Amino acid sequence: MQSRTLGRTGRTVSPVGLGTWQFGGDWGPVSEQDANAVMDASVEAGVTLFDTADVYGDGRSEQLIGAWRASNPDVPLTIATKMGRRADQEPSNYVAANFREWVDRSRSNLRQDTLDLVQLHCPPTPVFEDDAVYDALDALVTDGSIAAYGVSVETADQALTAIARPGVASVQIILNAFRLKPLDRVLPAAREAGVGILARVPLASGLLSGKYTPDTEFPEQDHRNYNRHGEAFDQGETFSGVDFEDGVRAAQAFAASLPEGVSVPQAAIAWVIAQDGVTAAIPGARNPDQARSNAEAGSLPEIDGLDRTVHDLYDEWFRATVHDRW
């Protein structure tokens, strides 16, 4: 895979990274052995970016990555983590003292003196507009606790607010074939400002794996079961907020449009990273085969007609229900 510059961090990363929410257990149990195998396979396939968060398994994901990193110190790797979702989602919690506590915990979990990239983890909207928040983050850069900071957002408007801030290095946002709104304004603004874009949920929580039917069931502890309608956190994080059965049918049409030999998830990831302004997509993987397959999307040749197919399916199935929500 060719490398890309991750916005204002100045670091180069692979266009396909590894998302590690699944290491925390919110997609069903993942053993330490399996997590290590996924990280091994990802790096062997050319991945140089891992994305995690302090809330994934209440630190378990960070700890697994930190232990793996300690055993592989010479591997070129950027580790992006996120902070803020372990606290009550009140703007008053996003203050310097808490940032210090959260960052120090992540530094311990990841076994890093200086964190490569710390992202505010989908905080309440007023946080994005608070000068004191950015002053506190700047102070953490100045004292060497973090090398750079960014934000993870739920909405395009939050992303645009953050991009306007000179210290924001990157924005993480949901972008996939079933969530196209970031193409309208977010990606152009990020390109203009030199801000990196990390596209999360690139497979729409597995809808774009091509494996599901309307009758597919998920484990009780899997957010695709307990958060399908936004019961635990923002609905947009689960299946990108689309109706599950509509998503299955649209994914089947997406699959039928692909040439022989190209898998549904590879095409979905390849489409995301082909969008002008996207630095990297960060799909998760539960086993080494998935990790290798995802990484291969980073070198997939252009698929004729894929972009038109994506827009046509979005207009048919999703624009009316999701475009204005996020």
Side-chain angles (χ1 to χ4, degrees), residues 1-21 42-43 45-53 65 76-82 115-122 137 141 146-156 158-177 179-204 240 265-285 291 294-300 302 307 310:
M1 287 187 284
Q2 296 181 350
S3 295
R4 300 176 178 180
T5 301
L6 179 52
R8 294 168 176 161
T9 70
R11 304 174 72 98
T12 57
V13 298
S14 55
V16 179
L18 174 67
T20 64
W21 186 3
S42 296
V43 168
V47 169
T48 62
L49 171 67
F50 289 178
D51 180 80
T52 185
I65 293 171
L77 187 64
T78 294
I79 301 172
T81 193
K82 299 183 286 292
L115 299 175
D116 300 334
L117 175 65
V118 172
Q119 304 153 99
L120 296 181
H121 196 174
C122 300
L137 292 168
V141 174
I146 64 177
Y149 63 84
V151 297
S152 184
V153 303
E154 298 288 5
T155 70
Q158 291 172 346
L160 293 167
T161 299
I163 288 168
R165 294 285 180 162
V168 171
S170 63
V171 169
Q172 184 176 139
I173 191 168
I174 295 175
L175 172 61
N176 58 54
R179 178 78 75 84
L180 302 191
K181 189 172 183 177
L183 304 184
D184 294 349
R185 298 173 61 202
V186 174
L187 265 59
R191 292 197 304 268
E192 179 69 21
V195 170
I197 292 289
L198 299 180
R200 75 174 186 276
V201 200
L203 299 179
S240 297
Q266 286 178 337
I269 294 168
W271 178 84
V272 170
I273 64 176
Q275 304 312 300
D276 191 10
V278 170
T279 307
I282 46 174
N294 290 345
E296 288 172 3
S299 54
L300 198 68
E302 183 177 351
D307 190 62
V310 168

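Just so we're clear, the structure is a prediction, and the values are computed from it rather than from any experiment. The residues of the chain are indexed from 1 along the displayed sequence.
- With hydrogens and angles ignored, the 3.5 Å screen pairs a side-chain donor or acceptor of Arg8 with a backbone N or O of Ala193.
- Rounded to the nearest 0.5 Å, atoms CG (Leu77) and CG (Leu49) are 7.5 Å apart.
- Leu160 approaches Ala189 most closely through the heavy-atom pair CD2-CB, 3.7 Å.
- A distance-only check finds a donor-acceptor pair linking the side chain of Ser14 to the backbone of Thr48 [under 3.5 Å].
- A pairwise comparison of heavy atoms in Ala270 and Leu300 identifies CB-CD2, 3.8 Å as the closest pair.
- The side chain to side chain donor-acceptor pair (under 3.5 Å) check on Ser152 picks up Arg200, with sequence neighbours excluded.
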Taking distance alone, no hydrogens or angles, what donor-acceptor pairs closer than 3.5 Å link side-chain atoms of residues 181-188 to residues at least two apart or in another chain?
from: Lys181; atom 1: NZ; to: His323; atom 2: O; distance (Å): 3.4
from: Asp184; atom 1: OD2; to: His323; atom 2: NE2; distance (Å): 2.9

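- Put simply, the side chain of Val43 does not reach to within 4.5 Å of the side chain of Leu18, judged on heavy atoms.
- Considering only residues two or more places apart in sequence or on other chains, Thr20 meets the side chain to side chain donor-acceptor pair (under 3.5 Å) condition with Thr52, Ser61.
- Ala162 approaches Val151 most closely through the heavy-atom pair CB-CG2, 3.5 Å.
- Not a single side chain to side chain donor-acceptor pair (under 3.5 Å) links Thr161 to another residue, sequence neighbours left out.
- Shown here are the side-chain contact (heavy atoms from CB on, under 4.5 Å) partners of Ala53, two or more places apart in sequence or in another chain: Val55, Tyr56, Lys82, His121.
- Phe50 pairs by the ring pair (Phe, Tyr, Trp, His ring centres under 6.0 Å) definition with Trp68, not counting sequence neighbours.
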Cut-off 3.5 Å, no hydrogens considered: what does the side-chain donor-acceptor table look like for residues 163-177, sequence neighbours left out?
from: Arg165; atom 1: NH1; to: Asp131; atom 2: OD1; distance (Å): 2.8
from: Arg165; atom 1: NH2; to: Glu129; atom 2: O; distance (Å): 3.4
from: Arg165; atom 1: NH2; to: Asp131; atom 2: OD1; distance (Å): 2.8
from: Gln172; atom 1: NE2; to: Asp51; atom 2: OD1; distance (Å): 3.1
from: Gln172; atom 1: NE2; to: Gln119; atom 2: OE1; distance (Å): 2.8
from: Asn176; atom 1: OD1; to: Phe178; atom 2: N; distance (Å): 2.7
from: Asn176; atom 1: OD1; to: Arg179; atom 2: N; distance (Å): 3.0
from: Asn176; atom 1: ND2; to: Val201; atom 2: O; distance (Å): 2.7
from: Asn176; atom 1: ND2; to: Ser240; atom 2: OG; distance (Å): 2.7

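- Among residues two or more places apart in sequence or in another chain, the salt bridge (charged side-chain N to carboxylate O under 4.0 Å, His left out) test is passed with Arg11 by Asp116.
- The side-chain contact (heavy atoms from CB on, under 4.5 Å) test applied to Ala295 returns Met1, Ala45, Val47, not counting sequence neighbours.
- Contacts of Thr12 classified as side-chain contact (heavy atoms from CB on, under 4.5 Å), with partners at least two apart in sequence or in another chain: Ser3, Thr5.
- Minimum interatomic distance between Ala148 and Thr9 (heavy atoms only, all atoms of both residues): CB-CG2, 3.8 Å.
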Enumerate, atom names and distances included, each donor-acceptor pair closer than 3.5 Å involving a side-chain atom of residues 271-280, sequence neighbours excluded.
from: Trp271; atom 1: NE1; to: Asp307; atom 2: OD1; distance (Å): 2.8
from: Gln275; atom 1: NE2; to: Trp271; atom 2: O; distance (Å): 2.7
from: Thr279; atom 1: OG1; to: Ile197; atom 2: N; distance (Å): 3.1

